[in-house]
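Remember, it's a predicted structure, so these values are computed and weren't measured experimentally. Just so we're on the same page: letters track the sequence lines, and every chain starts at 1. When reading the values below, keep in mind they use all heavy atoms of this one structure, side chains included, and skip hydrogens, waters and symmetry mates.
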Protein chains: 2
Amino acid sequence: MKSSLTLEQQICFQLYTASKELTRLYRPILAPLNLTYSQYLVMLVLWEEDNIDMKQLGDRLTLDSGTLSPLVKRLMQLDYVEKIRATDDERRVVLSLTPVGSALREQAEEVPLKVSGMLNIDEATYVAYMEMLIDIKARLRDFREREG
Amino acid sequence: MKSSLTLEQQICFQLYTASKELTRLYRPILAPLNLTYSQYLVMLVLWEEDNIDMKQLGDRLTLDSGTLSPLVKRLMQLDYVEKIRATDDERRVVLSLTPVGSALREQAEEVPLKVSGMLNIDEATYVAYMEMLIDIKARLRDFREREG
DNA sequence: TATAATTAGATTGTGCACAACTTAATCGTC
DNA sequence: GACGATTAAGTTGTGCACAATCTAATTATA
């Protein structure tokens, strides 16, 4: 199936541009918080579960230390986050929210609301779309487990 | 709706990771063609319509010259593409396929087949997913036209 | 027809994504 | 307890994405 080489007919292209354009929507919303989109994702994880190490963070976001190390350094410069080396296992570095980073959560609460307002999407459609995206990822994971 | 700050419940996160993981699927497939994913998209456009200028290319891919200029430079180093300054309007630079770049198309024909095989997805689901992504983009465009 | 505004493309700078590699700590096995 | 294997985090290098700025060509307008 789908052997055409036409750009618009390839799901990869639609995913790629949809993701880019949605990220673009976030940019002006996140600018007042001094966060890039990726930094926002890191903050989301920390607001949900404080005091996690780089490894756990990377697992949640599917990002490796090469991406996260400099990114977290910038969050530290903003005084949103701090790093403490774990005492039980000295390889681990535990991330925790500073008071400033914690307080930012209140402002961030409005972000999802703003975004879904902009998308102008009803709950049922939203959920259906989420499920499709999760399904795409499941298929990718299945393949990797099958032969990757 | 959807005011939760949970990572997994945000459509942006699902789109972001799905796009990244699908791109990761392409990497080993495109490696033998010596192409990155973005370079592959540029080649797709050129195989579809040769002799277009940077502006048209950027419009198709929603990429600006800051991204495309260095990317196309790399495609030139691979001898896949060449640039010729247009005579009618000397600001324009027309991109065309070299014989090598043209010949590569044959190998590339197999890429979409391989990918859908890996995704293990039936035609109807594929089409439904494409429509979802196109709809998300349409909503984003609607918003931008409304007030962006 | 001067000149102001617009346009195409390139360049610079910042930040993300990821592969490959390094260092240091921990674990497993003997 | 010694030592090879594994693991967490960081660093380096490449390439993409995009904002801001620059140059040169074209178009619009006074």
Any salt bridge linking [X] with [Y]? Criterion: basic side-chain nitrogen under 4.0 Å from a carboxylate oxygen.
| X | Y | result |
| --- | --- | --- |
| A/E109 | A/R105 | yes |
| A/D135 | A/R139 | yes |
| B/D89 | B/R91 | yes |

Could you tell me the separation between the [atom1] atom of [X] and the [atom2] atom of [N], rounded to a whole number of Å?
| X | N | atom1 | atom2 | answer |
| --- | --- | --- | --- | --- |
| A/M76 | D/dG10 | CE | C1' | 13 Å |
| A/R24 | D/dA19 | CZ | C1' | 12 Å |
| A/K83 | D/dA8 | NZ | C1' | 12 Å |
| B/D89 | D/dT26 | CG | P | 5 Å |
| A/L30 | D/dC18 | CG | P | 15 Å |

Next item on the list: Hey, can you tell me if A/Y40 and A/W47 have their rings parallel, tilted or perpendicular (30° and 60° cut-offs)?
Entry: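 Taking A/W47 first and then A/Y40, their aromatic rings stand perpendicular (interplane angle over 60°).
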NA contact type, [X], heavy-atom cut-off 4.0 Å: base, sugar-phosphate, or nothing?
| X | result |
| --- | --- |
| B/T62 | sugar-phosphate |
| A/S38 | sugar-phosphate |
| A/R27 | sugar-phosphate |
| B/T67 | base |
| B/D59 | nothing |
| A/L63 | sugar-phosphate |

Next item on the list: Provide the start and end nucleotides, 5' to 3', of the part of DNA chain C that has atoms under 4.0 Å from heavy atoms of chain A.
Entry: C/dG15 to C/dT26
Checklist line | Phosphate-side-chain proximity, A/K20 and D/dC18, N/O vs OP1/OP2 below 4.0 Å | finding: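 Answer yes for this pair, as a side-chain N or O of A/K20 is under 4.0 Å from OP1 or OP2.
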Under the 3.5 angstrom rule, does the side chain of [X] hit a backbone N or O of [Y] as a donor-acceptor pair?
| X | Y | answer |
| --- | --- | --- |
| A/D50 | A/L97 | yes |
| B/S19 | B/L15 | no |
| B/R85 | B/E90 | yes |

Check: Which residue, A/G66 or A/E21, contacts DNA chain D at a nucleotide closer to its 5' end, judged by nearest heavy atom?
Finding: A/G66
Margin query: On DNA chain D, does the nearest nucleotide to B/D64 precede the nearest nucleotide to B/T36 from the 5' side, or the other way round? Give the residue.
Written below: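 Looking at the nearest nucleotide for each, B/T36 comes out on the 5' side.
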Notebook entry, point to check: Considering heavy-atom distances to DNA chain C, does A/L71 or A/T87 have its closest nucleotide positioned more toward the 5' end?
Noted result: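 Whichever sits nearer the 5' end wins; that is A/L71.
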